[in-house]
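Any value given below was found using the heavy atoms of this structure, including those in side chains, with hydrogens, waters and symmetry copies removed.
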Amino acid sequence: MTQTMTRPEGRTLVLNSADNIAVALSNLEVGSKTREGVSIQRRVPKGHKFALRPIRAGEAIVKFGQVIGFAKDAIPAGDWVHEHNCGMGGADGTLKHDYAFAQGAVPPQMVPVAERATFEGYRRANGKVGTRNYIGILTSVNCSATVAKFVADAINRSGILADYPEVDGVVPFVHGTGCGMESRGEGFDILKRTQWGYTSNPNLGAALLVGLGCEVFQIGRMKEMYGIEEGETFQTMTIQEQGGTRKMIEWGVERVKEMLPIAAAARRETVDASHLTLALQCGGSDGYSGITANPALGYAADILVRNGGTAILSETPEIYGAEHLLTRRAVTREVGEKLIDRIHWWEDYTRRNKGEMNNNPSPGNKLGGLTTILEKSLGAAAKGGTTPLTAVYEYAEPVTEKGFVFMDTPGFDPVSATGQVAGGANILAFTTGRGSAYGCKPVPSIKLATNSDMYARMEGDMDINCGDIVEGVSIEAKGQEIFDLLLRTASGERTKSEELGYGDNEFVPWQVGATM
C-alpha cells in the first residue's frame, strides 16, 4: 500500500489523492472550515473521518486509496463518516478483490553480510540466537498449572537468582487446556506445536515440562513425535509419576537449581541482525494506527529484512480486506493461495460460530476512529512493510524462511503473540493507539504509541511515540528509530513492559475445537 501523504496545516490529513474522506487531527466543530475548503456539517472527533465531497448511497468510501466500506446513505461533504453511515456491503453486499498473485514481489536490496547491523545475543547450540535468557516451566495440562507456578514462585522468592545475573528469570507458562479435547485434529496440533515451540525458543536457556499424568496431551507422545531427548537443559515429569504435589514441587525446584548454572554460563556475543525474528503486533488500534506507528514499524521491518532477518505479520482477522495487497507481494502463486486458504478458513470459522469478520473492530477501535474491518486491516497490514511475502505458516509452526512472512493467528493479541513466539520470534514490536497494556515473556515487547496524547498519558508503558509523524517527522526517520531500539533491546536493554514486570500471564495458546 503506497501512502501519498499530504501534510496538514493543523487540523486535517488527506492520505491519498484518490481518497474521498480525510482524517481529523483535532476535534472539528460544526461550521468550521477545513484547509480543503470543506465546511463541517456534524462534529468530527479527533482521529475520525469526514467526507471531502458528497458520497452517494452505495458508493465506495476510500481511504489510503483503498475501499474501506460503502455509504449506507448519501453523505454530504463535511459530514462525519463512521459506522452510522459506512458499512461493509456494496450494492451486491460484497466486496471482491483481485488477488493478482505474485505480481508485485520485488526482491529487496540486501545489505552485504559484512555490513549488516549487529546486536549482542545468546548463541545456542542449535545455531539459533536468543535476546533473553530465561528458564521456562511449561505445563502439558491446566491440572499441572498450579504446581508450575509454585515451583517458579519458590525459586523467585528464594533469592538464588541474584547469584545468576545472566538468567533473566524463571517463568511458568500455564494454560487452560490439555485435556477434555480430541487427541488429534486442529486443537491438539496447535497445542502440540505451541508447547514444543516455546520449549525450543532461543530465549529460553533451559526448560521443564510438567504434567499431571492422565491428560489427553501426553508428554511422552510429544517427545516421541518430535524426537526429543531429555538432558541438562530440558526435563519432564508428571505429578502422578512423582508421587503428588509436594514431591513434584520439590523435584521441580531441584531441577531448576541444577539448570541455573548451566543457563547462566551463556554469554552475549556479537551477531548480525539476520538472527532476529521479529513478531509484529498491534492492539487497541485507532484512527492513527495506519498513519503513524504501523507504517513506521513496516519501514523498520523492511530494514530488518534487508539485513537478512525475519518479520512475522499475523492476526488474520485484521488483514481481512487487505489480503489482496499481500498476495501481490507473494514470491509464488502457491504462497499467495495459502494466505487466501486461511482467509476462507476464517470466513467459515466465524459463520460456524454465528459471527462475521466485521465483528473484529472493538468498541475501543471505533471510539478511536476505526469504522470497518476493511479500514482496520489496511492500517494493520502496513506493519508488514513492502518486501516480498516469502511464506505463510499455520499457528505456531516453526518459521524457517527468512524475510517477510505471515502466520495465521487470531487478532486477540496474547493468543497471536503466543503463536509467533512458538514459531521462533525472539523479539516483538507492538503498536497501540488506545494504550494496550501488554508484555511478553520470554520475548521483549517494544510498545509503539500511535498518537502523542496517549503517549503522554501512558509514557510509563510506551517505548516510542510515533504520534509526532503527523507533526512532520518522516516515517523513514521513525522507522530507523524503531530499528535502532530493536537492536538495543535485542542486546539487553529492557523495555517498559519488562520494567513493569509484564509477561507472566500472557502465554495464551489458541484453543480451537470442542471442549469435551
Side-chain angles (χ1 to χ4, degrees), residues 134-156 169-201 204 206-226 228 230 234-253 255-256 353 395-396 409-410 412-423 438-443 502-516:
Y134 282 97
I135 292 177
I137 306 174
L138 291 101
T139 61
S140 63
V141 66
N142 179 254
C143 306
S144 56
T146 297
V147 161
K149 288 182 177 180
F150 284 162
V151 172
D153 286 346
I155 292 293
N156 291 325
V170 177
V171 187
F173 296 108
V174 303
H175 58 91
T177 184
C179 204
M181 64 191 305
E182 287 282 357
S183 60
R184 64 185 66 84
E186 285 178 316
F188 186 84
D189 289 343
I190 284 172
L191 181 60
K192 175 183 64 182
R193 292 196 301 265
T194 303
Q195 293 288 60
W196 178 235
Y198 261 69
T199 301
S200 58
N201 187 283
L204 290 187
L208 298 179
L209 177 57
V210 300
L212 176 61
C214 55
E215 60 269 22
V216 169
F217 188 88
Q218 288 285 304
I219 293 174
R221 292 178 187 173
M222 189 188 85
K223 290 195 298 182
E224 182 179 347
M225 192 171 300
Y226 286 104
I228 302 168
E230 297 191 24
F234 178 69
Q235 295 191 37
T236 69
M237 182 55 67
T238 68
I239 296 170
Q240 293 168 355
E241 182 182 4
Q242 188 60 30
T245 299
R246 292 188 186 279
K247 290 181 179 179
M248 185 66 185
I249 294 169
E250 292 170 1
W251 178 90
V253 168
R255 297 295 80 71
V256 171
N353 288 280
Y395 186 89
T409 75
F412 184 37
D413 309 313
V415 180
S416 179
T418 295
Q420 292 173 317
V421 173
Y438 177 83
C440 181
K441 291 178 182 176
V443 173
Y502 274 100
D504 288 337
N505 300 305
E506 284 75 10
F507 175 72
V508 188
W510 187 13
Q511 294 189 42
V512 176
T515 299
M516 312 290 271

Atom pair CD1/OG1 of Ile190 and Thr409 - distance to nearest 0.5 Å: 10.5 Å
Smallest separation among heavy atoms of Thr139 and Ala145, with atom names: CG2-CA, 3.9 Å
Side-chain heavy-atom pair Tyr226, Arg193 within 4.5 angstrom cut-off: yes
Contacts of type side-chain hydrogen bond (donor to acceptor under 3.5 Å, both in side chains), residue Gln218, not counting sequence neighbours: none
Side chain proximity check, Cys214 to Gln240, heavy atoms < 4.5 angstrom: yes
Student check: side-chain heavy atoms of Met222 and Leu209 closer than 4.5 Å: yes
Side chains of Pro442 and Phe173 in contact at under 4.5 Å (non-hydrogen atoms): yes
Side-chain heavy-atom pair Phe150, Val253 within 4.5 angstrom cut-off: no
Residues 505-516 side chain polar contacts: donor-acceptor under 3.5 Å, at least two apart:
from, atom 1, to, atom 2, distance (Å)
Glu506, OE1, Gly503, N, 3.0
Glu506, OE1, Asp504, N, 3.4

CH2-CD1 distance between Trp251 and Ile239, expressed to the nearest 0.5 angstrom: 11.0 Å
Closest contact, heavy atoms only, Ala148 versus Ile137: CB-CG2, 3.7 Å
NZ/Lys223: more than 12 non-hydrogen atoms of other groups inside 6.0 Å: yes
Ala152 versus Pro172, closest heavy-atom pair with distance: CB-CD, 3.6 Å
Side-chain heavy atoms of Thr199 within contact of Leu204, under 4.5 Å: no
From Tyr134 atom OH to Tyr198 atom OH, the distance as rounded to the nearest 0.5 Å: 11.5 Å
Residue pair Gln195 / Phe217, side-chain heavy-atom distance below 4.5 Å: yes
From OG1 (Thr236) to CZ (Arg255), nearest 0.5 Å: 11.5 Å
Closest heavy-atom pair and its distance - Glu230, Gln235: OE1-CA, 3.4 Å
Heavy-atom pair with the smallest gap, counting every atom of Gly211 and Ile219: N-CD1, 3.7 Å
Any Asn142 side-chain heavy atom under 4.5 Å of Cys179 side chain: no
Interatomic spacing from OG1 in Thr194 to NE2 in His175 - rounded to 0.5 Å: 9.0 Å
Minimum-distance pair of heavy atoms, taken over all atoms of Leu212 and Ser140: N-OG, 4.2 Å
Check: Gly213 main-chain N/O paired with Glu215 side-chain donor or acceptor under 3.5 Å: yes
Approximate separation, where rounding is to 0.5 Å, of Ile135 CD1 and Ile155 CD1: 8.0 Å
